[in-house]
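Here is the naming used below: chain letters follow the sequence lines, and residue numbers restart at 1 for every chain. Computed from a predicted model, the values in this text were never measured in an experiment.
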Amino acid sequence: MGQFLQFAINGLMSGAIYALIAVGIVSVYKATKVVNFAHGYLIMFGAYFYFTFAVIVPQAAWAPAWLASWQPDWLVAAKADAPMFSPLGAVLDWVSNLPRIILGISGAVIANALLGRLVERTLMRPLMGQSIFAMIMVTVGLISILSGASSIIWTADAAFVPHIAPNTPVRFSIGDTMIFLFGADLVNMVIALLLFGGIVLWVRYTKSGIAIRATAEDQSTAYSMGISVPKVFSRAWVLACTTGAIAGAILATRNGVSPTLGLFGFSVLAIVLLGGLDSYVGVFIAAMSVGVLEAMTQWKLGGEWAEIVPYVAVLLVLLVRPHGLMGSKEVERI
Amino acid sequence: MINGNLKSSYGSDERIVNNGYKQAFVYGSFLCLAAFALFANDYMILIACQVGILLVAVVGINILTGYTGLISLGHGAFVAIGAYAVTILHNAMDGIVPDALTALIAIPVAVTITALIGIIVGLPSLRVKGLYLAVATLAASFIVIFIVENETFAGYTGGVVGINTPVPNLLGWELDTKREMFIFISVSAVLALLAGQNLFRTRVGRAFIAIRDRDYSAEILGISLLRYKLMSFALSAAYCGMAGALFAYFYARILPEQFELELSLELIAAVIVGGMGRTLGPLFGVILIVLVPELIKVTASVVTNGDTASTRIIAPLQEIIFGLLLIFFLLKEPLGINHIVDRLIRAANRWPFARG
């Protein structure tokens with residue numbers, strides 16, 4: 001039972017990050033009806049941008065010293081007093097990394113937003129109104145371009161990046177079992193859940209969110225009601241890329257920055273289809289359950305079996321429910 | 001083609017190559033292939049073999065995507081199944097069956113196995129279409145590669161480090177040089193193309209096209225979607241299995257990473273670039289997909305004089321150009337190279353009158 005709880009909580013934490021990535025795919029689909037196969041590679045770019053602004057830039061010769069490691073007097077004094085390996089020490093380490101973490105996150109978000117805008121303007125806008133097949137295949141072509149470009153621009157493999165939150169070990173007990181977690185993972189989960197919830201509320205209640213939903217319902221009617229559909233498209237792409245940048249930064253702190261991050265997008269794509277392409281709730285449920293399932297597989301069968309869990313799950317669910325758990329059915333006319 | 005189409009009997013109308021130009025083209029290409037096998041240098045033979053192997057697989061994808069209208073992003077897995085099945089079968093029959101027969105038994109059995117797995121992978125196509133099917137096939141291909149790499153089956157598949165492949169022996173003719181393999185591969189590729197062309201003169205092929213154009217309407221016409229969609233999957237998987245068998249016999253060693261996503265994308269890209277639902281589309285597509293990276297490599301080595309620092313960017317550059325090609329054709333020429341060729345031939349045919 002104790003093991004079960006531990007792995008279930010681990011699963012929920014990675015499920016939250018799946019949900020954060022999935023929200024990008026769902027938002028783009030809702031607004032533009034394009035399923036973005038290259039989303040994983042946009043996330044990889046987010047991770048590399050975070051690496052650039054949080055590691056490469058602060059270490060550059062022209063960067064001020066406080067950017068790489070912030071050492072005000074009070075911090076040095078507090079560090080000297082803190083006992084070794086204590087939670088306080090980890091927090092203080094994090095505080096001295098804070099400037100570059102902030103620079104990294106904001107840089108990654110801005111750079112990825114620009115990238116998303118570029119992709120939308122050059123590749124997606126000319127395809128408005130084209131067949132689904134062409135749009136899918138353009139994002140597939142984008143995969144090659146992004147992965148090639150990233151290996152020309154960044155050479156480093158699996159580099160280390162600073163954690164977003166203090167990485168103190170957290171121990172607590174539920175009933176009679178001890179649960180052991182890392183602080184950074186916990187904060188990552190909270191960030192992911194807040195962003196997910198925020199986006200769902202934004203789409204539900206704000207004016208621009210309603211514009212997105214109207215465009216999803218019927219493009220030409222939305223146009224005639226005074227909604228600028230191209231603006232909605234680019235807004236959805238920017239939204240997907242900014243959430244992707246944050247997800248990329250989180251993944252980078254968990255697994256290191258490497259070209260394999262792009263493949264992550266495919267398992268999230270499987271999760272999105274599992275939950276239903278246009279349903280935030282369904283995707284959230286799917287992300288959480290796949291996260292937990294993966295953790296259970298890791299526990300029972302070993303780490304490598306966990307990587308095919310989303311694919312097996314999506315195949316099984318598609319056979320029973322062709323539009324995912326909560327996706328809306330397409331009505332077809334002959 | 002406007003002229004040269006005078007038919008005086010139904011028989012001549014129904015032939016596979018049904019007019020003089022096509023006949024001249026087909027027999028002419030046989031001659032060219034024979035001359036190529038005799039006179040080409042080793043490097044050209046190597047490239048031609050790569051084209052031939054991919055061509056067989058792409059003809060298969062063309063049946064599925066171009067003619068039946070079902071998208072698959074996972075056909076690299078079928079090539080893997082074909083390659084591994086033929087290797088494992090060949091090794092298993094070693095010593096039991098005479099050498100001269102092993103390959104001749106192993107290839108059809110491997111192709112059948114691949115077709116059967118194709119039917120299993122095609123099962124979701126009955127419930128889902130378009131995008132959902134693309135993801136379902138993608139998922140299936142990840143699972144297949146995972147099984148190949150998994151340690152549980154490493155005794156058969158060699159796991160991540162791959163497995164050495166045997167040398168085929170067709171009735172005593174040992175194909176131990178690349179040139180001999182080229183003959184085998186080109187004969188298979190030509191047969192694959194002709195069989196593909198022939199398929200669409202039959203009931204089955206016409207049913208595929210009806211499904212592509214509108215599946216519900218096809219069902220109303222009495223075409224069983226269950227049967228024909230699965231048949232299309234089985235056929236295209238069989239072609240890919242054949243390509244895999246050729247792949248295994250051609251290279252000395254096969255590795256699971258050769259069959260990953262990249263291969264699947266290359267296959268589907270070749271169909272799109274060449275022209276979907278056209279017989280020669282796969283040929284044009286594969287030639288472009290194979291030659292462009294080679295050209296980049298050759299140009300880069302000439303420009304940089306083999307400088308090691310710059311060789312690092314060749315592979316990413318090839319990847320980027322591949323993506324750009326795919327996107328360019330989708331945006332600017334969705335009907336593919338075959339359509340460009342059509343236009344050129346039509347212009348030549350009508351010269352000096354209107355072009356179009």
Seminar exercise, completed: Most contact-rich option vs chain A, by heavy-atom pairs under 4.5 angstrom, among B/Leu131, B/Ile268, B/Thr65, B/Leu326, is B/Leu131

Problem set entry | Options B/Asn150, B/Leu331, B/Leu324, B/Leu317, ranked by heavy-atom pairs under 4.5 Å with chain A, top entry | B/Asn150

Checking [X] against chain B: side chain, backbone, both or neither under 4.5 Å from a heavy atom?
| X | result |
| --- | --- |
| A/Val138 | both |
| A/Leu318 | both |
| A/Val312 | both |
| A/Ile136 | side chain |
| A/Leu146 | neither |

At a heavy-atom separation under 4.5 Å, does [X] approach chain A through its side chain, its backbone, both, or neither?
| X | value |
| --- | --- |
| B/Leu138 | side chain |
| B/Ile321 | neither |
| B/Ile272 | side chain |
| B/Leu73 | side chain |

Exercise. Which pair of heavy atoms, one from B/Pro316 and one from A/Gly148, lies closest together, and at what distance?
Worked result: CB-O, 3.3 Å

Exercise. Of all heavy-atom pairs between B/Glu319 and A/Ser144, which one has the smallest distance, and what is that distance?
Worked result: O-CB, 3.4 Å

Problem set entry | Contacts with chain A made by residues 117-125 of chain B (heavy-atom distance under 4.5 Å), listed by residue number | B/Leu123, B/Pro124

Exercise. So which bits of residues 139-149 of chain B come within less than 4.5 Å of chain A, counting non-hydrogen atoms only?
Worked result: B/Ala139, B/Ala140, B/Phe142, B/Ile143, B/Phe146

Is [X] atom [atom1] crowded by more than 12 heavy atoms from other residues, nucleotides or ligands, each under 6.0 Å away?
| X | atom1 | answer |
| --- | --- | --- |
| B/Glu260 | CD | yes |
| A/Arg117 | CZ | no |
| A/Arg321 | CZ | no |
| A/Arg121 | CZ | no |

For this session: Enumerate by number any residue of residues 264-285 of chain A whose heavy atoms lie under 4.5 Å from heavy atoms of chain B; in the absence of such residues, state 'none'.
Result: A/Phe266, A/Leu269, A/Ala270, A/Leu273, A/Leu277

Exercise. Among residues 23-37 of chain A, which ones touch chain B with a heavy-atom distance under 4.5 Å?
Worked result: A/Val35, A/Phe37

Option in [options] with maximal non-hydrogen atom pairs under 4.5 Å from chain B:
| options | result |
| --- | --- |
| A/Leu263, A/Val314, A/Val140 | A/Val140 |
| A/Ser150, A/Ser147, A/Gly324, A/Pro310 | A/Ser147 |
| A/Pro126, A/Ser151, A/Ala134, A/Gly141 | A/Gly141 |

For this session: Taking the side chain as every heavy atom from C-beta outward, state whether A/Leu127 and B/Leu330 have any pair of such atoms under 4.5 Å apart.
Result: no

